[in-house]
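Note sheet for the following structure.
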Amino acid sequence: MNDKTETLQDHIRNAKQGIQTSFNYLLDNYWNDVYLFQLKRTKDEYEAEEITIQTFSRAFDKIDTYKEEYAFKTWLIQISKNIHIDLQRKKKASIRSKTTSDTDKESLHAIADDTPTPEDRLITEQNLAQLLRFIKQLKPHYQEVINLRYFQELSYKEISDRLNEPMNNVKVKLLRAKKLLAEIITNFKSHTK
(Lines give C-alpha, C1' and ligand atoms only; values in the text may rest on other atoms or scores of the structure.)
Protein backbone atom coordinates (compact mmCIF):
# COMPACT_ATOMS: atom_id res chain seq x y z
CA MET A 1 0.00 0.00 0.00
CA ASN A 2 2.81 2.38 0.90
CA ASP A 3 4.57 1.78 -2.46
CA LYS A 4 1.39 2.71 -4.33
CA THR A 5 1.01 5.91 -2.27
CA GLU A 6 4.62 6.87 -3.04
CA THR A 7 4.04 6.16 -6.73
CA LEU A 8 0.91 8.28 -6.70
CA GLN A 9 2.71 11.13 -4.91
CA ASP A 10 5.55 10.90 -7.45
CA HIS A 11 3.04 11.19 -10.29
CA ILE A 12 1.33 14.15 -8.64
CA ARG A 13 4.69 15.90 -8.20
CA ASN A 14 5.57 15.14 -11.83
CA ALA A 15 2.17 16.39 -13.02
CA LYS A 16 2.81 19.63 -11.13
CA GLN A 17 5.96 19.94 -13.27
CA GLY A 18 3.93 19.31 -16.45
CA ILE A 19 5.16 15.78 -17.20
CA GLN A 20 2.69 14.21 -19.66
CA THR A 21 3.07 10.58 -18.57
CA SER A 22 1.97 11.53 -15.05
CA PHE A 23 -1.17 13.24 -16.38
CA ASN A 24 -1.87 10.01 -18.31
CA TYR A 25 -1.29 7.92 -15.16
CA LEU A 26 -3.69 10.04 -13.09
CA LEU A 27 -6.33 10.03 -15.83
CA ASP A 28 -6.08 6.26 -16.34
CA ASN A 29 -6.15 5.43 -12.63
CA TYR A 30 -8.96 7.74 -11.54
CA TRP A 31 -11.21 8.03 -14.61
CA ASN A 32 -13.55 5.20 -13.55
CA ASP A 33 -13.85 6.50 -9.97
CA VAL A 34 -14.99 9.94 -11.11
CA TYR A 35 -17.12 8.63 -13.99
CA LEU A 36 -18.98 6.07 -11.85
CA PHE A 37 -19.53 8.67 -9.12
CA GLN A 38 -21.11 11.02 -11.67
CA LEU A 39 -23.08 8.24 -13.34
CA LYS A 40 -24.77 7.53 -9.99
CA ARG A 41 -25.55 11.24 -9.57
CA THR A 42 -26.70 12.06 -13.10
CA LYS A 43 -28.01 8.66 -14.28
CA ASP A 44 -26.91 9.78 -17.77
CA GLU A 45 -23.80 8.33 -19.47
CA TYR A 46 -23.15 11.34 -21.69
CA GLU A 47 -23.51 13.88 -18.88
CA ALA A 48 -21.36 11.76 -16.54
CA GLU A 49 -18.65 11.54 -19.20
CA GLU A 50 -18.75 15.29 -19.91
CA ILE A 51 -18.49 16.12 -16.18
CA THR A 52 -15.62 13.64 -15.83
CA ILE A 53 -13.77 15.33 -18.72
CA GLN A 54 -14.34 18.73 -17.10
CA THR A 55 -13.20 17.34 -13.74
CA PHE A 56 -9.83 16.20 -15.09
CA SER A 57 -9.47 19.38 -17.12
CA ARG A 58 -9.96 21.50 -14.00
CA ALA A 59 -7.86 19.19 -11.81
CA PHE A 60 -4.93 19.27 -14.24
CA ASP A 61 -5.30 23.02 -14.55
CA LYS A 62 -5.27 23.45 -10.75
CA ILE A 63 -2.88 20.57 -9.88
CA ASP A 64 -0.61 23.04 -8.04
CA THR A 65 -3.39 23.65 -5.48
CA TYR A 66 -3.64 19.95 -4.52
CA LYS A 67 -2.56 19.39 -0.90
CA GLU A 68 -1.00 16.02 -0.09
CA GLU A 69 -2.84 15.68 3.25
CA TYR A 70 -6.00 14.86 1.25
CA ALA A 71 -6.58 11.69 -0.74
CA PHE A 72 -6.23 12.49 -4.46
CA LYS A 73 -9.44 10.61 -5.27
CA THR A 74 -11.33 12.69 -2.66
CA TRP A 75 -9.94 15.88 -4.21
CA LEU A 76 -11.08 14.80 -7.69
CA ILE A 77 -14.55 13.80 -6.43
CA GLN A 78 -14.92 17.19 -4.74
CA ILE A 79 -14.01 18.98 -7.98
CA SER A 80 -16.49 16.73 -9.78
CA LYS A 81 -19.25 17.51 -7.26
CA ASN A 82 -18.63 21.24 -7.64
CA ILE A 83 -18.80 21.04 -11.43
CA HIS A 84 -22.08 19.10 -11.23
CA ILE A 85 -23.55 21.63 -8.78
CA ASP A 86 -22.45 24.50 -11.05
CA LEU A 87 -24.07 22.81 -14.06
CA GLN A 88 -27.30 22.29 -12.12
CA ARG A 89 -27.34 25.97 -11.13
CA LYS A 90 -26.72 27.03 -14.72
CA LYS A 91 -29.56 24.80 -15.92
CA LYS A 92 -31.91 26.29 -13.35
CA ALA A 93 -30.87 29.83 -14.19
CA SER A 94 -30.91 28.92 -17.91
CA ILE A 95 -27.64 30.68 -18.54
CA ARG A 96 -26.68 29.95 -22.12
CA SER A 97 -23.42 31.85 -22.58
CA LYS A 98 -20.40 29.66 -23.32
CA THR A 99 -17.45 32.01 -22.96
CA THR A 100 -14.04 31.13 -21.63
CA SER A 101 -12.73 33.46 -18.93
CA ASP A 102 -9.35 35.18 -19.19
CA THR A 103 -7.95 33.06 -16.34
CA ASP A 104 -8.92 29.90 -18.26
CA LYS A 105 -7.17 31.23 -21.36
CA GLU A 106 -4.01 32.00 -19.38
CA SER A 107 -3.77 28.46 -18.01
CA LEU A 108 -4.46 26.51 -21.20
CA HIS A 109 -0.87 25.28 -21.39
CA ALA A 110 -1.35 23.17 -18.25
CA ILE A 111 -1.41 19.83 -20.06
CA ALA A 112 1.58 19.45 -22.38
CA ASP A 113 1.13 16.84 -25.10
CA ASP A 114 4.01 16.81 -27.57
CA THR A 115 5.74 13.52 -26.82
CA PRO A 116 4.30 10.40 -28.50
CA THR A 117 2.74 8.04 -25.97
CA PRO A 118 2.55 4.24 -26.31
CA GLU A 119 -1.06 4.81 -27.43
CA ASP A 120 0.14 7.18 -30.19
CA ARG A 121 2.64 4.61 -31.44
CA LEU A 122 0.03 1.83 -31.39
CA ILE A 123 -2.43 4.01 -33.32
CA THR A 124 0.10 5.06 -35.98
CA GLU A 125 1.05 1.41 -36.65
CA GLN A 126 -2.45 0.65 -37.96
CA ASN A 127 -3.32 0.83 -41.63
CA LEU A 128 -5.78 3.61 -42.43
CA ALA A 129 -8.83 1.49 -43.34
CA GLN A 130 -8.47 -0.62 -40.19
CA LEU A 131 -7.85 2.48 -38.08
CA LEU A 132 -11.04 4.11 -39.37
CA ARG A 133 -13.01 0.98 -38.41
CA PHE A 134 -11.54 1.15 -34.91
CA ILE A 135 -12.33 4.88 -34.60
CA LYS A 136 -15.97 4.20 -35.55
CA GLN A 137 -16.24 2.09 -32.38
CA LEU A 138 -15.62 5.20 -30.24
CA LYS A 139 -18.41 7.48 -29.02
CA PRO A 140 -19.13 10.33 -31.48
CA HIS A 141 -17.48 13.09 -29.42
CA TYR A 142 -14.27 11.04 -29.23
CA GLN A 143 -14.42 10.32 -32.97
CA GLU A 144 -14.72 14.05 -33.55
CA VAL A 145 -11.63 15.09 -31.56
CA ILE A 146 -9.54 12.27 -33.11
CA ASN A 147 -10.67 13.38 -36.58
CA LEU A 148 -9.94 17.05 -35.93
CA ARG A 149 -6.52 16.40 -34.38
CA TYR A 150 -5.11 13.57 -36.51
CA PHE A 151 -6.91 13.77 -39.84
CA GLN A 152 -7.54 17.50 -40.16
CA GLU A 153 -4.34 18.19 -38.17
CA LEU A 154 -5.85 21.09 -36.23
CA SER A 155 -4.04 22.55 -33.23
CA TYR A 156 -5.58 22.33 -29.75
CA LYS A 157 -6.54 25.99 -30.07
CA GLU A 158 -8.29 25.39 -33.41
CA ILE A 159 -10.15 22.36 -32.02
CA SER A 160 -11.11 24.37 -28.94
CA ASP A 161 -12.50 27.14 -31.17
CA ARG A 162 -14.28 24.70 -33.49
CA LEU A 163 -15.97 22.81 -30.61
CA ASN A 164 -16.47 25.94 -28.51
CA GLU A 165 -14.87 24.17 -25.54
CA PRO A 166 -11.99 25.09 -23.23
CA MET A 167 -8.65 23.83 -24.51
CA ASN A 168 -8.01 21.65 -21.44
CA ASN A 169 -11.32 19.83 -22.09
CA VAL A 170 -10.10 19.13 -25.63
CA LYS A 171 -6.79 17.79 -24.29
CA VAL A 172 -8.49 15.51 -21.76
CA LYS A 173 -10.93 14.26 -24.43
CA LEU A 174 -7.99 13.46 -26.71
CA LEU A 175 -6.12 11.65 -23.93
CA ARG A 176 -9.24 9.60 -23.20
CA ALA A 177 -9.98 8.95 -26.88
CA LYS A 178 -6.42 7.74 -27.52
CA LYS A 179 -6.58 5.44 -24.48
CA LEU A 180 -9.90 3.93 -25.61
CA LEU A 181 -8.67 3.56 -29.19
CA ALA A 182 -5.47 1.86 -28.01
CA GLU A 183 -7.60 -0.59 -25.96
CA ILE A 184 -9.74 -1.38 -29.02
CA ILE A 185 -6.61 -2.00 -31.13
CA THR A 186 -4.98 -4.15 -28.43
CA ASN A 187 -8.15 -6.23 -27.98
CA PHE A 188 -8.40 -6.73 -31.75
CA LYS A 189 -4.73 -7.82 -31.97
CA SER A 190 -5.11 -10.27 -29.08
CA HIS A 191 -8.21 -11.84 -30.67
CA THR A 192 -6.59 -12.24 -34.11
CA LYS A 193 -3.48 -14.07 -32.88
What pair of heavy atoms forms the shortest contact from [X] to [Y], and how long is it?
X: S22; Y: N14; answer: OG-CB, 2.9 Å
X: I53; Y: N169; answer: CG2-O, 3.7 Å
X: Y150; Y: L174; answer: CE1-CD2, 3.9 Å
X: S160; Y: P166; answer: OG-C, 3.8 Å
X: I63; Y: W75; answer: CA-CH2, 4.0 Å
X: D61; Y: N168; answer: CB-ND2, 3.5 Å

Compute both the distance and the angle, then confirm whether K16 meets the cation-pi test with Y66: under 6.0 Å from the six-membered ring centre, within 45 degrees of the axis.
-> no
Ring centroid separation for H141 and Y46, is it under 6.0 angstrom?
-> yes
Of all residues at least two apart in sequence or in a different chain, which pass the salt bridge (charged side-chain N to carboxylate O under 4.0 Å, His left out) check with D161?
-> K157
Hphob cluster co-occupancy, I83 + I85, side-chain heavy atoms under 4.5 angstrom | no
When the ring planes of Y35 and W31 are compared, do they come out parallel, tilted or perpendicular, using 30° and 60° as the limits?
-> parallel
Considering residues at least two apart in sequence or located in another chain, which fulfil the side chain to side chain donor-acceptor pair (under 3.5 Å) criterion with Q143?
-> none
Contacts of Y142 that satisfy side chain to side chain donor-acceptor pair (under 3.5 Å) - sequence neighbours left out | E49
Please report the C-alpha distance between E68 and R13 in whole Å, then the side-chain angles of each, then the deciding distance to 0.1 Å, and finally whether the salt bridge (charged side-chain N to carboxylate O under 4.0 Å, His left out) criterion is met.
-> CA-CA 10 Å; E68 293 183 11; R13 273 191 292 280; 3.7 Å; yes
Residue pair [X] / [Y], side-chain heavy-atom distance below 4.5 Å:
X: R41; Y: E47; answer: no
X: R176; Y: F56; answer: no
X: Q130; Y: F188; answer: yes

Nearest 0.5 Å please: distance from the CZ atom of F37 over to the NZ atom of K81.
-> 5.0 Å
Polar side chain donor-acceptor pair, N187 to E183, under 3.5 angstrom = no
Just checking, any donor-acceptor pair under 3.5 angstrom between side chains of Q38 and S80?
-> yes
